[in-house]
Structures are given as structure tokens and as C-alpha cells.
Amino acid sequence: MEGENPPIQDIQPWKAIDTVYTNEKAGMDSVDKDLIKRVIYEASKDSNFFKKDEEKRKQTNERIARLKEKLAKVTEDEMKRYHATVRDSIRSAERERHLSRIWIHVDMDAFFASVEELDDPSLKSVPMAVGSIGMISTANYIARRFGVRSAMPGFIGKQLCPQLALVKPNFRRYKEKSEETKEVFRIFDPDFESGGLDEAYLDCTAFASVHGISGEEIAEQIRNLVMEKTKLTCSCGVACNKMLAKICSDKNKPNGQFFLSPNIAAIKAFVKDLPVRKIPGVGCVTEQLLNGFGINTCGDVIKNAHVIAAVFTPLTLSFLLTSSLGISTAFHGKKPAPGELSRKGISCEHTFTAKEDENTLLQMVGSLAHELSAAMASESIEGLTVTVKLKLSDFTVRTRSLTLLSPISDPESISRIASKMLRKEFPVKLRLLGIRMSGLSPIANANGKPKGNSKGS
DNA sequence: ATACATACC
DNA sequence: GACTGGTATGTAT
């Protein structure tokens, strides 16, 4: 032991940094991670973004300290009851375990970047990312070897990899290619659930039994057909529920698949050493909180579930327990009832170089209101609640909302309400303005029928 | 109902 | 110098 030396982070601060984009991702195995962290640290250490990020991390650590105090005050009797709660939760979760369905999660590989490579093959041989100097949405696998990845600003990508080609996103094109993949997905599950432009969940149980083939064989077929149709590769996860399928699709990325055998022993072995961060729904913050209690893997969650029961909400306990047992319930939710809108809100927001001139900001709210109104018109919806979102130049976010007596969708009304709320915040220096409408309902058109977007019959 | 936080792509 | 945009949902009051 070398007790007298200061912790290594004090001399090499970049070792301690762990922003969203320094986390691991497929394609980064052969990278000098230390160098990457150092470059990222040097590039962002003086920025407002970095300061805000550090502040949040500190607050989470304070929250951990408070929760630990709370834990220390729990009596033996109370802890016994938490143990009992956990036993009950596990028992009822196990009753929800279903092994008989075949779910496949399909995830397109580096989707935006791959589409750009398809349209311009010269990009295949160079490090490239789709995005701007401000933000990268996807990097190709060559760029990932330099540590460039999604959710990283382009200027940092450039510092990691000066030859990095930055390509402007073309969402229309991605949508087109996404539609092509959907034609393939429909063959296997006409009711498949889309998870954005580049991924989908398919319940292939019926297809498997009708055609007498296995989930693995279906995944092969999906990958072949997607390639045939789109000339793009994807990866598949095959498992007995959506959550596990999603985790599996990441295992053999890119252009691969992973099958998790639908039996309890295999599932338990699979989740035992799985880091909690792999659970869809556990992000950086929850990971930090759990790690603060020495909980790093799903196995740890089960072992320390009584601690979780003592410091988190029952909902969080049940979510973490069911996830860590490899039983997804939260995931298999609730399609909207017939006639109900699938969408709960609609919004638009823009980031710009920080501004404080009140007239300029009010004018921007006006143009946002027009944009939002147009988007609402194209779906024939109106809304009851207006929310304005402000991001200050120091990255602090504020929201202000107002619920009306009757729904609106016209640009003038939205603008009027949003401006009123913005005015109350003056003086402010903003880097982002946004407006959101919620409490949505369909507008009857001239024929008296709601148009288009209500899901179901 | 409102505000803020977290997560996902 | 420069760190997104859109949607859903959980937590707290």
C-alpha cells in the first residue's frame, strides 16, 4: 500500500473525468483511453458546459451522502421489513417472467454514418462523423477508434482526430432508409414497435411457430433482408423479452447477433455480472447513485436490494429488481387505447450563441411559436398546456408552463402565452429557447373527422 | 398543476 | 470559440 501518495486524479485530473462520451461503446477496444480522456479534458475543462457537468456530479454525490445518512438511521426492525419487501417483490416479479416469446431487437449499425457512406463511398475509408462542429450524432467505426463518438461536440472530435470528416446530417435521407428497414420488419412482425429511426422491437413468436424456425434463424433472415433492401448492416438481439433483446443486440455489434437462451439459468448467468448501466433506463446519474452504494452489477442489485428499498422509491426498487432479474415488465407497456393520441407533447427548441437582448429573444419566441404551430397543423392537433424552456448561458435550464381553459394551436396564441412567460424571466442571458405544447387533442377537420394521427382503430 | 431531473435515440 | 433536438416519464412540491 502507498498511503502517503495523493490519489492519482489529483495529479492527472483527466483520469477522473467521465462525461457521457468517454464511456465505452462498440468499436473502441483498441484505443488509448487515457490519451482520449486527456484530450477531452483539455478541450472542455474551461467551458460552462464542463462546469455545469461537474456541478451536477457533485450534487449527485451530495445526494448519495444524504441517502447514506438516511440508511444509517434505518433500524434493524425496519431493515427486516425491507428484506421482506424485497422477497415479496422478487416473488411477484418471478410470476411475471415469461420465457415463451421470441423478441428480436434490431439495431442499425452507426446508422446515419453508414447511410452517408452508402451515398458517398469515399467516406468509407476515412474517419467520419455525422453532425456539426457543435454536436456529433454518429461516428463511423474508423472515427470511433480515435475516441470520436455520438453526443460529443464536433470540435472535440476534431481534436481527437484532426482528419475527421464532418458531414451535415440529412434526416430526410435517414427517414427514407429507415422506411426501407421497416418494410423488412413488417414481414416478421406486422405490429413491430419502432424505437427511433434506427432500431425496432419485433415479436417474432408467431412467425417462428408458423414457419417452424428458431429465433436465431429469423435474426439471420432479418439481417440478410435488411442488407438486401438497404445495403446497410444491422445487429440483432434475440431473447424472451424486449429488455433482454435490446441488451443482446449490443453484444455482437456491428453486423452481428446474439441469442440468449430462454431459460432461467441462462438468463441469471447473463445478468449476474452485467453492469447496471446496461439496463435501458439506467443512465449516468442512476449509475453514479448505485455505484455510491457499491452496487455495480445486476447481481449486486439483487444482493443489496434491501438497501435500494431503504433509500429509493418503491417504483425504482421494482424497476431495478425486475430489470436485474432479466424480467421486463416496465418495458412491455401499454399501447395507446383506440382513439387516443400516441403523442403526449410536441415541441421545438433552438440553441444559439448566448443573447440577452429582450426584443431579439421575444422575436425568437415568435418564430418558434410559428414553427410549432405549423408542426401541430400538419398533425391536426391542438394543446392545453404551453411550456417555455430556457437554457441560460451557464447551462442552467428553466421551464415555465401555463395550462389554459381551452386548447390552442394558432401561432398568435402560442406566441402570446409564451412571450408572457418569457417576459417574467427578464433579464436573462440565454443560449436556448424552446416551446412545448402538451395536453394534446385532435382537431376535427371540415368533414368532422380527426385527421391522421390517432393510433388504433 | 408546475418545475425540474433523468433517460433514450 | 464551439457541448443538439424531440419525446416520455419520474420526482418533488
Side-chain angles (χ1 to χ4, degrees), chain A residues 19-22 25 40 43-53 56 59-60 63 105 107-108 110-112 129-138 149-159 166 168-169 171 174 178 194-200 243 246 250 277 279-289 312-319 330-331 333-334 336 341-354 368 371-372 375 384-391 393-405 421 425 431-440:
Chain A
T19 60
V20 268
Y21 37 79
T22 52
K25 188 103 206 238
I40 293 172
S44 59
K45 65 173 192 227
D46 297 320
S47 66
N48 283 342
F49 177 85
F50 187 75
K51 281 183 201 126
K52 193 70 187 181
D53 207 59
K56 279 191 208 152
Q59 279 172 359
T60 305
R63 198 171 145 200
H105 180 250
D107 200 328
M108 300 301 293
F111 184 53
F112 295 176
V130 175
S132 66
I133 206 73
M135 187 51 62
I136 286 171
S137 25
T138 319
R149 37 157 316 167
S150 54
M152 172 186 278
F155 71 89
I156 292 181
K158 281 279 194 188
Q159 294 188 29
L166 274 176
K168 270 213 299 271
F171 288 100
Y174 310 146
S178 179
S194 154
L197 288 180
D198 69 336
E199 61 176 276
M243 181 201 69
K246 172 146 174 87
D250 203 46
R277 184 65 174 80
I279 299 171
V282 173
C284 291
V285 175
T286 312
E287 180 188 34
Q288 193 189 336
L289 286 171
F312 295 109
T313 65
L315 199 73
T316 306
L317 171 70
S318 114
F319 165 70
F331 240 69
K334 23 172 182 201
L341 284 180
S342 63
R343 178 201 269 295
K344 305 269 191 333
I346 185 166
S347 63
C348 61
E349 61 185 50
H350 294 302
T351 297
F352 40 83
T353 57
L368 276 169
E371 264 182 73
L372 185 57
L384 259 191
T385 303
V386 185
T387 304
V388 298
K389 175 176 167 183
L390 321 176
K391 196 187 278 177
S393 58
D394 69 353
F395 286 85
T396 305
V397 174
R398 281 186 204 165
T399 58
R400 297 291 179 260
S401 71
L402 187 70
T403 301
L404 309 165
L405 294 171
M421 290 189 277
E425 303 302 312
R431 68 180 333 274
L432 172 145
L433 263 172
I435 310 180
R436 174 174 191 80
M437 294 287 307
S438 50
L440 304 180

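Residue numbering restarts at 1 for every chain, and letters A, B, ... go by the order of the sequence lines.
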A.B. asks: Measure from the side chain of A/Ile133, starting at C-beta and using heavy atoms only, and say which of C/dA2, C/dG5, C/dC3 lies closest.
C.D. replies: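 Closest nucleotide to the A/Ile133 side chain: C/dA2.
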A.B. asks: Measuring to OP1 and OP2 of C/dC3, would you say a side-chain N or O of A/Arg431 lies under 4.0 angstrom away?
C.D. replies: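 The answer is yes; a side-chain N or O of A/Arg431 sits under 4.0 Å from OP1 or OP2.
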A.B. asks: Take the protein atom CZ of A/Phe312 and the nucleotide atom P of C/dA12, then report the distance between them rounded to whole Å.
C.D. replies: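 One finds 11 Å between P of C/dA12 and CZ of A/Phe312, rounded.
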A.B. asks: As a test of reading the structure: which of C/dT11, C/dC3, C/dG5 is closest to the side chain of A/Leu315, going by heavy atoms?
C.D. replies: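 Per side-chain heavy atoms of A/Leu315, the pick is C/dT11.
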A.B. asks: Which listed nucleotide (C/dC3, C/dT11, C/dT4) is nearest to the side chain of A/Lys391?
C.D. replies: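 It is C/dT4.
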A.B. asks: Please figure out whether A/Thr353 or A/Lys389 has its closest DNA chain C nucleotide nearer the 5' end.
C.D. replies: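 So the residue in question is A/Thr353.
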A.B. asks: Where the side chain of A/Phe155 is defined as all heavy atoms beyond and including C-beta, which of C/dT11, C/dG5, C/dC3 is the nearest nucleotide?
C.D. replies: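 The closest nucleotide is C/dC3.
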A.B. asks: Could you tell me which residues satisfy ring-ring contact (aromatic ring centres under 6.0 Å, His included) with A/Tyr174, sequence neighbours excluded, listed by chain and number?
C.D. replies: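 So A/Tyr174 forms a ring-ring contact (aromatic ring centres under 6.0 Å, His included) with A/Phe112, A/Phe171.
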A.B. asks: Between A/Arg343 and C/dG6, is there a side-chain N or O to OP1/OP2 distance below 4.0 Å?
C.D. replies: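 For C/dG6, OP1/OP2 do not have a side-chain N/O of A/Arg343 under 4.0 Å.
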A.B. asks: In whole Å, I'd like the distance from the NZ atom of A/Lys51 to the C1' atom of C/dC3.
C.D. replies: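 Going from A/Lys51 (NZ) to C/dC3 (C1'), I get 14 Å.
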A.B. asks: Would you kindly give the CD1-to-P distance between A/Ile136 and C/dC3, to the nearest whole Å?
C.D. replies: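 Computing the A/Ile136:CD1 to C/dC3:P distance gives 13 Å.
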A.B. asks: How would you label the contact of A/Ser47 with the nucleic acid (heavy atoms, under 4.0 Å): base, sugar-phosphate, or nothing?
C.D. replies: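 Touches a base.
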A.B. asks: Nucleotide by nucleotide, 5' to 3', does protein get under 4.0 Å of the base (B), only the sugar-phosphate (S), or neither (-) in nucleotides 3-9 of chain B, counting heavy atoms?
C.D. replies: SB-SSSS
A.B. asks: Would you name the heavy atoms of A/Leu166 and A/Gly154 that are closest together and state the gap between them?
C.D. replies: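 That would be CD1-CA, 4.3 Å.
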A.B. asks: Consider the side chain of A/Ala151, meaning its heavy atoms from C-beta on, and name the nucleotide among C/dG5, C/dT4, C/dC3 that approaches it most closely.
C.D. replies: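 The answer is C/dT4, which lies nearest to the side chain.
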A.B. asks: Separation of A/Phe319 atom CZ from C/dT11 atom P, in whole Å?
C.D. replies: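 So the CZ-P distance, A/Phe319 to C/dT11, works out to 10 Å.
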A.B. asks: Kindly point out which of C/dT11, B/dT2, C/dT4 is positioned nearest to the side chain of A/Thr313?
C.D. replies: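 Per side-chain heavy atoms of A/Thr313, the pick is C/dT11.
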A.B. asks: Closest-nucleotide mapping onto DNA chain C: is A/Ile346 or A/Ala43 further toward the 5' terminus? I mean the 5' end.
C.D. replies: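 Nearest nucleotide further toward 5': that of A/Ala43.
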A.B. asks: I need the CG-P distance between A/Leu390 and C/dG5, as an integer number of Å.
C.D. replies: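 Distance, rounded to whole Å: 14 Å.
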A.B. asks: Without decimals, in angstroms, what is the distance between A/Glu349 CD and C/dT4 P?
C.D. replies: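 Taking CD of A/Glu349 and P of C/dT4, I get 9 Å after rounding.
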A.B. asks: Please name all residues satisfying side chain to side chain contact (heavy atoms under 4.5 Å, CB included) with A/Ala354, sequence neighbours left out, ordered by chain then number.
C.D. replies: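 By the side chain to side chain contact (heavy atoms under 4.5 Å, CB included) rule, A/Ala354 matches A/Ser393, A/Lys429.
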A.B. asks: Going by salt bridge (Lys or Arg N to Asp or Glu O under 4.0 Å), name the residues that satisfy it together with A/Arg63, two or more places apart in sequence or in a different chain.
C.D. replies: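 By the salt bridge (Lys or Arg N to Asp or Glu O under 4.0 Å) rule, A/Arg63 matches no residue at all.
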A.B. asks: Report the C-alpha separation of A/Thr138 and A/Ser150 in whole Å, then their side-chain angles, then the decisive distance to 0.1 Å, and conclude whether the side-chain hydrogen bond (donor to acceptor under 3.5 Å, both in side chains) test is met.
C.D. replies: CA-CA 5 Å; A/Thr138 319; A/Ser150 54; over 6 Å; no
A.B. asks: C/dA2 C1' sits how many Å from A/Phe50 CZ, rounded?
C.D. replies: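 Taking CZ of A/Phe50 and C1' of C/dA2, I get 16 Å after rounding.
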A.B. asks: Once salt bridge (Lys or Arg N to Asp or Glu O under 4.0 Å) is applied, do any residues pair with A/Lys158, and if so which ones, sequence neighbours excluded?
C.D. replies: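 Per chain and number, A/Lys158 pairs via salt bridge (Lys or Arg N to Asp or Glu O under 4.0 Å) with no residue.
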A.B. asks: Roughly how far, to the nearest 0.5 Å, is CD of A/Glu349 from CG of A/Leu372?
C.D. replies: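 The CD atom of A/Glu349 is 11.5 Å from CG of A/Leu372, to the nearest 0.5 Å.
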A.B. asks: Determine the Euclidean distance between corresponding C1' atoms of C/dT4 and B/dA7; express it in Å to zero decimal places.
C.D. replies: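 That atom pair is separated by 15 Å.
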A.B. asks: At under 4.0 Å between heavy atoms, what does A/Leu432 touch on the DNA or RNA strands: base, sugar-phosphate, or nothing?
C.D. replies: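 Sugar-phosphate contact only - A/Leu432 comes under 4.0 Å of backbone atoms but never of a base.
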A.B. asks: With sequence neighbours left out, write down each residue that passes salt bridge (Lys or Arg N to Asp or Glu O under 4.0 Å) with A/Lys56, or none if nothing qualifies.
C.D. replies: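 Expected list: none.
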A.B. asks: Measuring from the side chain of A/Lys344 (C-beta onward, heavy atoms only), which nucleotide among C/dA8, C/dT4, C/dT7 has the closest atom?
C.D. replies: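 Given the options C/dA8, C/dT4, C/dT7, the side chain of A/Lys344 is closest to C/dA8.
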A.B. asks: Base, sugar-phosphate or nothing for A/Thr316? Non-hydrogen atoms, less than 4.0 Å.
C.D. replies: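 If one applies the 4.0 Å heavy-atom cut-off, A/Thr316 turns out to touch the sugar-phosphate alone, with no base involved.
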A.B. asks: Please report, rounded to the nearest Å, how far the C1' atom of C/dT4 is from the NZ atom of A/Lys168.
C.D. replies: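 Value for this atom pair: 16 Å.
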